[in-house]
Amino acid sequence: MISKRRRLDSEDKENLTEDASKTMPLSKLAKKSHNSHEVEENGSVFVKLLKASGLTLKTGENQNQLGVDQVIFQRKLFQALRKHPAYPKVIEEFVNGLESYTEDSESLRNCLLSCERLQDEEASMGTFYSKSLIKLLLGIDILQPAIIKMLFEKVPQFLFESENRDGINMARLIINQLKWLDRIVDGKDLTAQMMQLISVAPVNLQHDFITSLPEILGDSQHANVGKELGELLVQNTSLTVPILDVFSSLRLDPNFLSKIRQLVMGKLSSVRLEDFPVIVKFLLHSVTDTTSLEVIAELRENLNVQQFILPSRIQASQSKLKSKGLASSSGNQENSDKDCIVLVFDVIKSAIRYEKTISEAWFKAIERIESAAEHKALDVVMLLIIYSTSTQTKKGVEKLLRNKIQSDCIQEQLLDSAFSTHYLVLKDICPSILLLAQTLFHSQDQRIILFGSLLYKYAFKFFDTYCQQEVVGALVTHVCSGTEAEVDTALDVLLELIVLNASAMRLNAAFVKGILDYLENMSPQQIRKIFCILSTLAFSQQPGTSNHIQDDMHLVIRKQLSSTVFKYKLIGIIGAVTMAGIMAEDRSVPSNSSQRSANVSSEQRTQVTSLLQLVHSCTEHSPWASSLYYDEFANLIQERKLAPKTLEWVGQTIFNDFQDAFVVDFCAAPEGDFPFPVKALYGLEEYSTQDGIVINLLPLFYQECAKDASRATSQESSQRSMSSLCLASHFRLLRLCVARQHDGNLDEIDGLLDCPLFLPDLEPGEKLESMSAKDRSLMCSLTFLTFNWFREVVNAFCQQTSPEMKGKVLSRLKDLVELQGILEKYLAVIPDYVPPFASVDLDTLDMMPRSSSAVAAKNRNKGKTGGKKQKADSNKASCSDTLLTEDTSECDMAPSGRSHVDKESTGKEGKTFVSLQNYRAFFRELDIEVFSILHSGLVTKFILDTEMHTEATEVVQLGPAELLFLLEDLSQKLENMLTAPFAKRICCFKNKGRQNIGFSHLHQRSVQDIVHCVVQLLTPMCNHLENIHNFFQCLGAEHLSADDKARATAQEQHTMACCYQKLLQVLHALFAWKGFTHQSKHRLLHSALEVLSNRLKQMEQDQPLEELVSQSFSYLQNFHHSVPSFQCGLYLLRLLMALLEKSAVPNQKKEKLASLAKQLLCRAWPHGEKEKNPTFNDHLHDVLYIYLEHTDNVLKAIEEITGVGVPELVSAPKDAASSTFPTLTRHTFVIFFRVMMAELEKTVKGLQAGTAADSQQVHEEKLLYWNMAVRDFSILLNLMKYGRRFVEAFLKQCMPLLDFSFRKHREDVLSLLQTLQLNTRLLHHLCGHSKIRQDTRLTKHVPLLKKSLELLVCRVKAMLVLNNCREAFWLGTLKNRDLQGEEIISQDPSSSESNAEDSEDGVTSHVSRNRATEDGEDEASDEQKDQDSDESDDSSS
């Protein structure tokens, strides 16, 4: 029969203990077979008593047999020992017998292993497992101390022995006997022996012995054990993990745990990674409510797992080890490190989930960090973990993240580091991360939306396939949401994901394809992105993939192109051109590619050709569709590099079409019956009759008008003809094709720069009034077409380097300025004129005319004779298109352009002034590269004869009018791109983006690209700014003669002043850009500031930011002497304020800024500016606010204006102004008063209330401030709203000061109160005045004002009582009076007396307390009625 011991596995034998081993019921055969191998008694008391008690010892490897229940055995043995005649000596004999018996290792082993039970399990009264003999003996109190002593004497001989053949370690087996004893007789001695044993044991056994301590020792010994383990922890750091693990199971003093915590924190940076989970668990479980924040903050500072696992280091090591064949072992180590990090965060997540204190402490520790440099990747990970734990924490984490993002504390680099290091931890909370990203996407702040997009991006980059699918699905949901900001950002993220991992995106292409069903509600730019995404997925480099997407895209494009609704045709055109660009993109082909790749490329080229021909055939009969096609194709060529053969075919086709449609020989006389003489105008060179080319504009345009008239009664002709409306867009496509083919060289088409156009004389002169409405419209349309042609010509040739080309570009710029003046003349006399379109976009669709019939019907409704003819003529070039007639039901457009082109304003003499800014939608957009013309100085242009010899030279330069033309456009671009408000939740179903009309090309470039271009223009702009500064300096020079001043005409001064203002606006828009706060844009800011600093003095490279800001400020402030207008001065102040925002110590320059603002206020501006400029009051308000906000002493500044400027104004004639402050007039007094009163109230609120602990000097300084404030208040007092606020501030801030200053400064305090008393009387008169006038704007402030006055009375009385001067207080009667001092007589005689009295601290007469109380009750009731209206007005103000 095989014993149970032999049937145990080796791993079970290692941990075989009496408290853990279980015995199976023995069969009857087993019970009968153990009668042999018994130990003989031989007179041993030990063997005899054991046998008498029911336990039989066995020899060899046989288990000791227990014939009775374990409890019965212990009771019998205990009684036998107690009743033995030799008691208590028998105990010593018994133990000696045990020692003798266990000298043999096999016998000792039998005593330590569980006994074999001969009794049925059903009959057992105790446990179902069998204890060892030693364990049973330890349960007897009288034997326990001696046996424990014996065991500890035997342990040392087994400490350094290896495990037996059956895997049992004797030292562990001996210590296991001490676990879970029912009672410990001498716990102190046991503790001492255990600690002594731990100190001498080898390391592997030390871990086991330490972790066994909580199972061996009682609660009374926890403190002693903890103290000794703490000392051991200091001596031996290798035992940190088991000791800390034990501390979690012991009852220890909080102060002791705090010391251990500090000790562990100090060693946290040097521990091994595998020890982190236990250490972090101890730290988190040992915190209390009071120490949680401190512990978490310290743990956050010291917990740095990035040093153990850095992706770059891992990849480098992997690459090296793979070459040596050691990558597998390195991979195992890497996986082990990652598992340890996951365990650490599992411990943290468990603590956060179940301990609210720890969660709140992590949150507060991250919240109180203010600097971006102090934030760690761990902070981001912890916020995401806290967000995922419970729904209660989500709102708080969202709010904290928003604040951190808006303050630039959490940036993209930090988020990238968090995901790259802890992606295994974050992968488990992927749903919560996507939920957070979705929530952030709904924000109105573009920075927060961008952070949400980064969460999507990194989740897709680092997580598995399932999470990637969820990311794509969430982004598609955002795209289809209809919210503009969400749609744009989600599409940008999808484009980034394709670049990041194209193969993973192809797996999710089916999700993205669903966006095709929502194209109708997308903007053109969004449609471009969608087709770019789908085309990239469909036409990937792997042949035969994503064919279903190709088929779907072809179906959608063909369907949209064949539609007669312009909106759908626009979708088809954009989609087709975008898809063609992806298909024909120039890709680098490997040298070892097969012939099949070439065949595929040839096949794709054929597809591109056929697709473009399809688009051309579907758009050639519609000028709008053709223009859109050309512009879209031009944008594609500008952004993407097409394959050379495809580009060559496109370029040749476009060149031939343009030449055939628009260009004729100079000698070819225009054919047709035109209403005006036709000439070749605006040519820059003299042509003979034999050579030269001309743009055939007028004949083409007039021919279209004739065809349009014939179509009113006949079917539309299918004959192909090119519309003159497509001239500018067609030329843009042509010049971009040529530039792409020849690396920017346009010599092939340079003849178009200086060639003339067939036109009538566009300058109307005196014949304008005699022209018919039809002729005016025709001439105005031709002027618009010529104007847009020259704008595109300037776009094309602005970057050419030859002096001759630069001179011609400047000449065209002069032509543009001239045409602007001609346009203003025509538009002033043509009411309801809508120009021919310049570019086609859904944003500008509502700015276009629908059809001549619709316009005629509107004009008939207006009752204007000739309106129908005039309107029809103005649109003849476009009414041949039938698409917009069907678009009437699809787009919510205005019936005519009148509602959007608010262009007219009538002067005093009946003359109409026109602002061309309202016609921006009908002008071709200038490219950002055009502003490189600002670099042009004096350009020498050579005039050649017929033999190409120099006949003459001409010097051309950029004049003030041309400079203003460029600066106005640049200012509008920067205002649109840099100072645009944050993203708004605008539904795509509405006609959005009207503020973006005319900037479609601009919005296809990044904001950073635009800023970079403007920084490159800073040097020429500074040159122009200095030139204008010198101009006005010379103009104001006293030695300048009257003749010299007369030469500078008023028009020239006005133009130069406008240039001055636009330059300051451009600089302000640049430096006020919020993007400079991002770390990645600091280099760009340095470059901009270096340009300004070097204008003052040459600076060394890499100067600190503070020095650059200071030098730039000094440079710009020098221009304040020459500002020609108040508005220019304001923009200069705003520019300087924008610079100060970049400084870390702006207070050093604040006083200088205040001085500049004061100089503007004290300067006499040109007569009439204040009357003519309707926004002067707003500008004055801003300048005065800047002055008071930046001055070091607001009260002194207000006192100067009120004490000097206001008396001067009062004594001046009616239309005069203050001599010290010329901007202070009777018309602007209200502006001065409002700003000064608001700043006065703000200042006194900021004054700290006095306390008794303050020194005498502090009391005197504060009293001086309040004296000054009350004097200012007495002069400014005019409005009850501000008056009440001042009185309230006086009560809260000044009265505590008077309490402690009255005795030492009695005269000053009384003087202050008497001055204030006069002011409060005036406030009382204002209350009566408001009731007489029944002015609701004033009366709603009366209740709260009277309440404040009553509180003032009571507070003054309390102050006098505090200082033992109660007799000095007495009440006087105030009658209700108006502002002139006349008494207000009530209509009701019975109530006149009660209504005419009020209480106040004064010196007039006495009033009874009853009367004062009645008045107070009346006023209190009035207050309850009017309190809401007053609060609403305060909030609005």
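Computed from heavy atoms alone, side chains included, the values below leave out hydrogens, waters and symmetry copies.
For K154, the NZ atom counts as densely surrounded, since its 6.0 Å shell holds more than 12 non-hydrogen atoms of other residues, nucleotides or ligands. With a 6.0 Å radius and a threshold of 12 heavy atoms from other residues, nucleotides or ligands, Y466 has its OH atom at or below the threshold. The local environment of CD in E301 is sparse, with at most 12 non-hydrogen atoms from other residues, nucleotides or ligands closer than 6.0 Å. Atom CG of D464 sits in a crowded spot, with more than 12 heavy atoms from other residues, nucleotides or ligands closer than 6.0 Å. By the neighbour-count criterion of 12 heavy atoms within 6.0 Å, atom CD of Q196 is sparsely surrounded, having that number or fewer from other residues, nucleotides or ligands.
Here the OH-OG1 distance, from Y354 to T389, works out to 11.0 Å after rounding to the nearest 0.5 Å. Rounding to the nearest 0.5 angstrom, the gap separating the CG atom in L455 from the CG atom in L440 is 6.5 Å. Rounding to the nearest 0.5 Å places CG of N169 at 9.0 Å from CD of E161. Within the model, atoms CD1 of I168 and CG of L173 stand 6.0 Å from one another, a figure rounded to the nearest 0.5 Å. To the nearest 0.5 Å, atoms OG (S220) and CZ (R251) are separated by 11.0 Å. Interatomic distance, D182 CG to Q144 CD, rounded to the nearest 0.5 Å: 9.5 Å.
Side-chain contact between L233 and L239: absent, with no pair of heavy atoms (C-beta onward) separated by less than 4.5 Å. By the 4.5 Å heavy-atom criterion applied to side chains, K281 and V278 are not counted as neighbours. At least one side-chain heavy atom of L435 sits less than 4.5 Å from a side-chain heavy atom of K394. Side-chain contact check for D186 versus K188: some heavy-atom pair is nearer than 4.5 Å. Contact of the T439 side chain with the R402 side chain is registered, since non-hydrogen atoms from C-beta on lie closer than 4.5 Å. The closest side-chain heavy-atom distance from I348 to L303 is below 4.5 Å. A heavy-atom distance below 4.5 Å is found between the side chains of F152 and I148. Looking at heavy atoms from C-beta onward, D346 lies in side-chain contact with K349 at the 4.5 angstrom threshold.
Remark: side-chain polar atoms of Q74 are paired, donor with acceptor, to backbone N or O of L136 under 3.5 angstrom. The backbone N or O of I385 sits less than 3.5 Å from a side-chain atom of S388, completing a donor-acceptor pair. At distances below 3.5 Å, not a single donor-acceptor pair connects side-chain atoms of E215 with backbone N or O atoms of W180. Remark: side-chain polar atoms of S350 are not paired, donor with acceptor, to backbone N or O of V347 under 3.5 angstrom. For T393 (side chain) and S390 (main-chain N/O), a donor-acceptor pair under 3.5 Å exists by modelled atom type. Without hydrogens or angle criteria, D379 side chain to K376 main chain gives a donor-acceptor distance under 3.5 Å. With hydrogens and angles ignored, the 3.5 Å screen pairs a side-chain donor or acceptor of S453 with a backbone N or O of L450. Distance alone, capped at 3.5 Å, places no donor-acceptor pair between the D245 side chain and the V241 backbone. With hydrogens and angles disregarded, no donor-acceptor distance shorter than 3.5 Å links the side chain of E374 to the backbone of I369. R447 contributes a side-chain N or O that, together with a main-chain N or O of Q406, makes up a donor-acceptor pair within less than 3.5 Å.
Minimum heavy-atom separation, Q177 to L138: O-CD1, 3.4 Å. Here the closest non-hydrogen pair linking G230 and I260 is CA-CD1, 4.0 Å. Closest of all the heavy-atom pairs between E367 and K404 is O-NZ, 3.4 Å. The two residues K457 and E412 have their closest heavy-atom pair at NZ-OE2, 4.1 Å. Across all their heavy atoms, A351 and I358 have their closest contact at CB-CD1, 3.7 Å. The shortest non-hydrogen separation linking C409 to H375 is CB-CD2, 3.6 Å.
Counted by atom type alone, N224 and T191 present zero donor-acceptor pairs between their side chains at under 3.5 Å. The closest side-chain donor-acceptor pair between E360 and S292, if any, does not fall under 3.5 angstrom. D189 and Q193 share a side-chain donor-acceptor pair at under 3.5 Å.
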For this session: Decide yes or no on side chain to side chain contact (heavy atoms under 4.5 Å, CB included) for Q411 and D408, but give the supporting numbers first.
Result: CA-CA 6 Å; Q411 300 177 356; D408 291 321; 3.9 Å; yes
Exercise. What's the verdict on side chain to side chain contact (heavy atoms under 4.5 Å, CB included) for V185 and I142, showing C-alpha distance, side-chain angles and the deciding distance?
Worked result: CA-CA 9 Å; V185 177; I142 57 177; over 6 Å; no
Exercise. Stepwise, does the side-chain hydrogen bond (donor to acceptor under 3.5 Å, both in side chains) test hold for K179 with N176?
Worked result: CA-CA 5 Å; K179 292 182 179 180; N176 285 343; 3.2 Å; yes
Problem set entry | Derivation of the side chain to side chain contact (heavy atoms under 4.5 Å, CB included) call for K1074 and E1141 | CA-CA 10 Å; K1074 299 299 182 182; E1141 290 178 359; 4.3 Å; yes
Exercise. Under the side chain to side chain contact (heavy atoms under 4.5 Å, CB included) criterion, do I175 and D208 qualify, and how do the steps go?
Worked result: CA-CA 9 Å; I175 297 301; D208 295 337; over 6 Å; no
For this session: Step by step, work out the side-chain hydrogen bond (donor to acceptor under 3.5 Å, both in side chains) result for S420 and S417.
Result: CA-CA 5 Å; S420 60; S417 176; 4.8 Å; no
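Under the side-chain contact (heavy atoms from CB on, under 4.5 Å) rule, L401 has a single partner from L383, I366, V380, which is L383.
Two rings, from Y456 and F441, have their centers less than 6.0 Å apart.
A cation-pi arrangement, defined by a distance under 6.0 Å to the six-membered ring centre and an angle within 45 degrees of its axis, is absent between K427 and F463.
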